[in-house]
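First comes the structure, then the notes that go with it.
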Amino acid sequence: MNVRRSAAVLAAVTVIGAAMPAAAAPSPSPSQALPSALYGDKDPKFDGVWRQSLALLAQDTVGEKPAAKSVEWLVRQQCEDGGFAAYRPAPTTACDAKTMLDTNATAAAVQALAALGGQDAVAGKAVGWLKSVQNEDGGWGYAPGGASDTNSTSVVIGALTAAGEKPDQVEKGGKSPYDALLKLALPCGGDGDGAFAFQPDKKGELTANADATAAGVLGALGKGMVAKAGKKSGAGCAAPRTPQQAAANGAAYLTQTLAEDDDHLTSALAGSDPQPDHGNTADAVVALAARGDTEQAGKSVRWLEENSATWAEQGGPAAYAQLVFAAHATGTDPRDFGGTDLVKQLNATGPAPQAAGQPEAADKKSASDSDSGFFGVWWYVGVCLVAGIGIGFLFTGRRKRQQS
């Protein structure tokens with residue numbers, strides 16, 4: 001999701017109107033101190049709140065108690081109206097009209113804070129903001145006012161569920177988030193049989209997108225990023241008239257796609273050969289497990305166990321979190337994931353979690369607690385990158401479908 005998250009941010013910047021893979025964010029120079037409470041050591045400008053939320057949510061999922069200051073850092077990122085931006089380098093400065101609020105970051109923060117507990121007021125205010133920017137079709141875009149997309153709508157559904165809301169009752173113009181998802185579900189028959197699209201293209205047509213499908217399955221099931229294996233119901237592809245049927249159709253598409261690609265998803269940048277997409281594969285594992293399609297989920301999580309170590313090390317906290325979610329959904333031990341202790345690796349990317357009965361451990365980072373900005377050329381680099389790679393956990397699809 002870190003890769004997915006970066007792609008989503010860059011897509012919003014270029015109004016494509018969503019871890020990914022986008023190019024890795026640059027490491028800060030020695031003179032640019034990261035907040036010591038933040039997980040990860042790369043520029044947080046595009047994904048600070050997202051990766052922090054995933055890291056804390058993953059720690060909670062495996063029974064770890066995150067460092068208090070890391071939770072507080074996330075809380076302080078919230079704007080007065082309840083929304084979150086991707087990253088605010090100076091949280092003591094009030095948000096204004098220039099602050100680019102982000103439905104994905106806000107929804108991820110809600111899921112993390114709701115799981116951790118003790119932050120009902122913060123999560124409630126965030127949910128209120130999400131409701132205030134709901135589109136007339138019932139869905140959400142990456143940024144307020146942007147066209148609804150499957151990924152953003154689905155991550156918000158997960159936040160609503162985590163906060164105790166009933167997504168089908170959260171309506172705008174008489175439409176719920178499920179209405180928005182059903183409009184983004186491809187019909188049965190033809191290319192992209194039963195998949196979800198990210199968004200309609202300029203002609204209003206839908207194109208199958210594996211990452212959007214993984215998100216759409218979870219959203220249609222009313223699930224968040226942390227999900228346990230569900231009970232499978234229904235088979236085959238039928239008209240997606242209900243969220244449950246749309247989820248079944250999407251799961252069938254993912255199962256077929258994964259099986260055709262040796263149990264993993266692939267992505268390709270323009271002019272390059274297809275590459276394994278570890279992040280989207282992890283998302284697909286969670287979606288399939290939540291829908292009860294445990295056989296393919298098990299095959300794909302085993303592929304991740306054998307092939308994801310280098311990717312996770314490069315991706316950082318959000319990547320480790322994605323693997324933790326995939327392990328959790330399939331009943332796989334995250335502390336022995338293909339020989340890797342995902343929990344240990346995740347914890348090493350930021351402040352140590354609190355030990356039971358012990359005072360909070362010393363910081364693992366030596367940087368000061370002051371928040372430093374990361375503005376400059378990387379914003380423009382990101383814009384150029386997305387212009388070159390096009391829609392790519394958010395926009396990656398199978399090469400043969402793109403070429404059809």
Would a distance-only check, ignoring hydrogens and angles, find a side-chain to backbone donor-acceptor pair under 3.5 Å from [X] to [Y]?
{"X": "Asp81", "Y": "Gly83", "result": "yes"}
{"X": "Ser70", "Y": "Pro66", "result": "no"}
{"X": "Gln119", "Y": "Val75", "result": "no"}
{"X": "Thr330", "Y": "Gly298", "result": "no"}
{"X": "Thr99", "Y": "Cys95", "result": "no"}
{"X": "Thr281", "Y": "Leu265", "result": "yes"}
{"X": "Thr103", "Y": "Trp140", "result": "no"}
{"X": "Gln111", "Y": "Val155", "result": "yes"}
{"X": "Asp47", "Y": "Trp50", "result": "no"}
{"X": "Thr150", "Y": "Ala197", "result": "yes"}

Side chains of [X] and [Y] only: does a donor on one sit below 3.5 Å from an acceptor on the other?
{"X": "Ser300", "Y": "Asp263", "result": "no"}
{"X": "Gln59", "Y": "Tyr39", "result": "yes"}
{"X": "Gln256", "Y": "Asp193", "result": "no"}
{"X": "Asp149", "Y": "Ser152", "result": "yes"}
{"X": "Gln245", "Y": "Asn249", "result": "yes"}

Query raised in the report: Could you go step by step and tell me if Leu54 and Tyr320 meet the side-chain contact (heavy atoms from CB on, under 4.5 Å) rule?
Result: CA-CA 9 Å; Leu54 266 64; Tyr320 284 120; over 6 Å; no

Measure the [atom1]-[atom2] distance between [X] and [Y] for me, rounded to the nearest 0.5 Å.
{"X": "Glu260", "Y": "Leu258", "atom1": "CD", "atom2": "CG", "answer": "9.5 Å"}
{"X": "Tyr253", "Y": "Cys188", "atom1": "OH", "atom2": "SG", "answer": "13.5 Å"}
{"X": "Leu56", "Y": "Leu113", "atom1": "CG", "atom2": "CG", "answer": "7.5 Å"}
{"X": "Phe337", "Y": "Glu306", "atom1": "CZ", "atom2": "CD", "answer": "10.0 Å"}
{"X": "Leu186", "Y": "Thr213", "atom1": "CG", "atom2": "OG1", "answer": "8.0 Å"}
{"X": "Thr349", "Y": "Lys42", "atom1": "OG1", "atom2": "NZ", "answer": "10.5 Å"}

Requested in this report: Salt-bridge test for Lys232 and Asp293: reply yes if a basic N is under 4.0 Å from a carboxylate O, no otherwise.
Outcome: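 Here Lys232 pairs with Asp293 in a salt bridge, since their nearest N and O are under 4.0 Å apart.
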
**Report entry** SB check Glu64 Arg335 (cutoff 4.0 Å)
**Finding:**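 Result for this pair is yes, salt bridge flagged.
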
Query raised in the report: More than 12 foreign heavy atoms under 6.0 Å from CD of Glu72: is that the case here?
Result: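 Count over threshold, so yes.
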
Query - Atom CD of Glu313 with >12 non-hydrogen neighbours under 6.0 angstrom - result: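 Open: at most 12 neighbouring heavy atoms sit under 6.0 Å from CD of Glu313.
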
On a heavy-atom basis, which atom in [X] and which in [Y] lie closest, and how many Å separate them?
{"X": "Gly141", "Y": "Asn135", "result": "N-ND2, 3.7 Å"}
{"X": "Ala251", "Y": "Arg291", "result": "CB-NE, 3.9 Å"}
{"X": "Leu182", "Y": "Arg241", "result": "CD1-O, 3.6 Å"}

**Report entry** Check: Leu101 and Phe84 side chains under 4.5 Å, non-hydrogen atoms
**Finding:**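 No, side chains not in contact.
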
